[in-house]
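A short worksheet on the structure shown next.
Proteins come first, then strands; the chains are lettered A, B, ... in the order of their sequence lines, and each starts at number 1.
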Number of protein chains: 2
Amino acid sequence: MATPQLTKNQALVMGALTHSDGPLSAYTILDKLRDQGFRAPLQVYRALDKLLEYGLVHRLESLNAFVACACPHEHEHEHGVTAFTICEGCGQVTELQDEVIEERLSTLARAQEFKTEKTTIEIRGQCKSCAI
Amino acid sequence: MATPQLTKNQALVMGALTHSDGPLSAYTILDKLRDQGFRAPLQVYRALDKLLEYGLVHRLESLNAFVACACPHEHEHEHGVTAFTICEGCGQVTELQDEVIEERLSTLARAQEFKTEKTTIEIRGQCKSCAI
DNA sequence: CAATTGATGTAATAACATAACAGTGCCGTT
DNA sequence: AACGGCACTGTTATGTTATTACATCAATTG
């Protein structure tokens, strides 16, 4: 999917995420954008839906939060499964791509004739700096 | 962790989950247990916390819902990472254990000196029966 | 122009989760 | 028995996340 020109709201939400050094909840984004005229959650959610669709943003299910994609130039060609490490200490999120896991999950799905649409892999724990 | 005797509330919540053929949200469980005297969400969430701790129940992050563990006799010895396939059509959830994925995730975490506490793997899509 | 499509604005509400505080029953010790 | 500690419970209120419903606007197209 080629990324179209972002609308004003989409660009504002994208900006909030790229200028943050960690994941943000939809309501945190809303608060950051009140000065730019945002008034309601739906303005954020609608923009996020599109950004997710374009592959510019990831949703972290275990956090109910969103991050800008770390690899900004790979959106034209669908990238595969992305895994995330999420530090409970500092909130740092790292993206991982791994062929082995991707193939293995694909094999497991095929074995039960399951048609995969979206895969979530999230590793919660302590990053190097935050581990005791 | 040895599983202790369940309390009344824990047993009721566990029962609701085992008698369901799919995942249930906390509020759905609450509604099912109103006749047994449940009145407030916290009664459900507190029981769920314990059941999760004992490994009798899994939380599906992408669904905000809970399922009874499929392998009821494996709770004494910590089981490793569990992956789930979740059918968008019929709601069926399947548990998968896989050594390859587990080791690979472990390797990836070690490579960045990340100390894993909890891993979530959820595959959303269409099961054999629901695929078009 | 009329019709369609996609984006927006707003209010209200639904769904998910926790905080704070009080009370209860059980167990082990004195 | 009296005490203290602990885990579980009950209840109210509140906080957080996400969606429904409806109206409007602008651009595109037949």
Practice problem: Run the numbers on A:Phe66 and A:His58 for ring pair (Phe, Tyr, Trp, His ring centres under 6.0 Å), then give the verdict. | Solution: CA-CA 6 Å; A:Phe66 304 84; A:His58 299 287; over 10 Å; no
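- Computed from coordinates, the B:Leu6 CG to D:dA7 C1' distance equals 14 Å when rounded to whole Å.
- Although no hydrogens or angles enter the test, the distance criterion places a donor-acceptor pair under 3.5 Å between the side chain of A:Glu122 and the main chain of A:Glu61.
- Remark: C1' of D:dT20 and CG of A:Asp49 are 14 Å apart, rounded to the nearest angstrom.
- Atom CZ in A:Arg34 sits about 14 Å away from atom C1' in C:dG9, given to the nearest Å.
- Regarding A:Asp31, its CG atom lies at a distance of 10 Å from the P atom of D:dT16, rounded to whole Å.
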Quiz item: Is there a side chain to side chain donor-acceptor pair (under 3.5 Å) between B:Thr82 and B:Gln97 once you walk through the steps?
Solution: CA-CA 5 Å; B:Thr82 303; B:Gln97 309 273 335; 3.0 Å; yes
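- Remark: P of D:dT16 and CZ of A:Phe66 are 16 Å apart, rounded to the nearest angstrom.
- Residue contacts for A:Arg39: at a heavy-atom cut-off of 4.0 Å it reaches the sugar-phosphate backbone alone, with no base atom in range.
- Distances from the side chain of B:Pro41 to the nucleotides C:dA17, C:dA7, D:dT17 place C:dA17 closest.
- Stacking here means ring centres nearer than 5.5 Å and ring planes tilted less than 30 degrees, and by that measure B:Tyr27 stacks onto C:dC16.
- A close approach under 4.0 Å does occur between a side-chain nitrogen or oxygen of B:Thr7 and OP1 or OP2 of D:dT9.
- Comparing C:dT10, C:dA7, D:dT17 by their nearest atom to the side chain of A:Gln43 picks out C:dT10.
- Contact check, A:Asn64 against C:dA17: no side-chain N or O comes under 4.0 Å of OP1 or OP2.
- Set against D:dA18, C:dT10, D:dG10, the side chain of B:Arg46 has D:dG10 as its closest nucleotide.
- Residue A:Arg59 places at least one side-chain N or O closer than 4.0 Å to OP1 or OP2 of D:dA18.
- Atom P of nucleotide D:dG10 and atom CD of B:Gln10 are separated by 12 Å, given to the nearest angstrom.
- The side chain of B:Leu42 lies closest to C:dA19, out of C:dA19, C:dC16, D:dC8.
- Side chain of A:Asn9, nearest nucleotide from C:dG9, D:dT11, D:dA18: C:dG9.
- Look at CD1 on A:Ile29: it is 14 Å from C1' on D:dT16, rounded to the nearest Å.
- Among C:dA7, D:dC8, C:dG9, the nucleotide with an atom closest to any side-chain atom of A:Tyr54 is C:dA7.
- With B:Thr18 contributing its side chain and B:Met14 its backbone, the two residues share a donor-acceptor pair below 3.5 Å.
- Of the side-chain N and O atoms in B:Lys50, one or more sit less than 4.0 angstrom from OP1 or OP2 of D:dC8.
- A straight line from CZ of A:Phe38 to P of C:dT10 spans 11 Å, rounded to a whole angstrom.
- The shortest non-hydrogen separation linking A:Tyr54 to A:Thr3 is O-OG1, 4.0 Å.
- Nearest heavy-atom pair across B:Gln112 and A:Thr85 is NE2-OG1, 3.0 Å.
- By the 5.5 Å and 30° criteria, A:Tyr45 is not stacked with the base of D:dT19.
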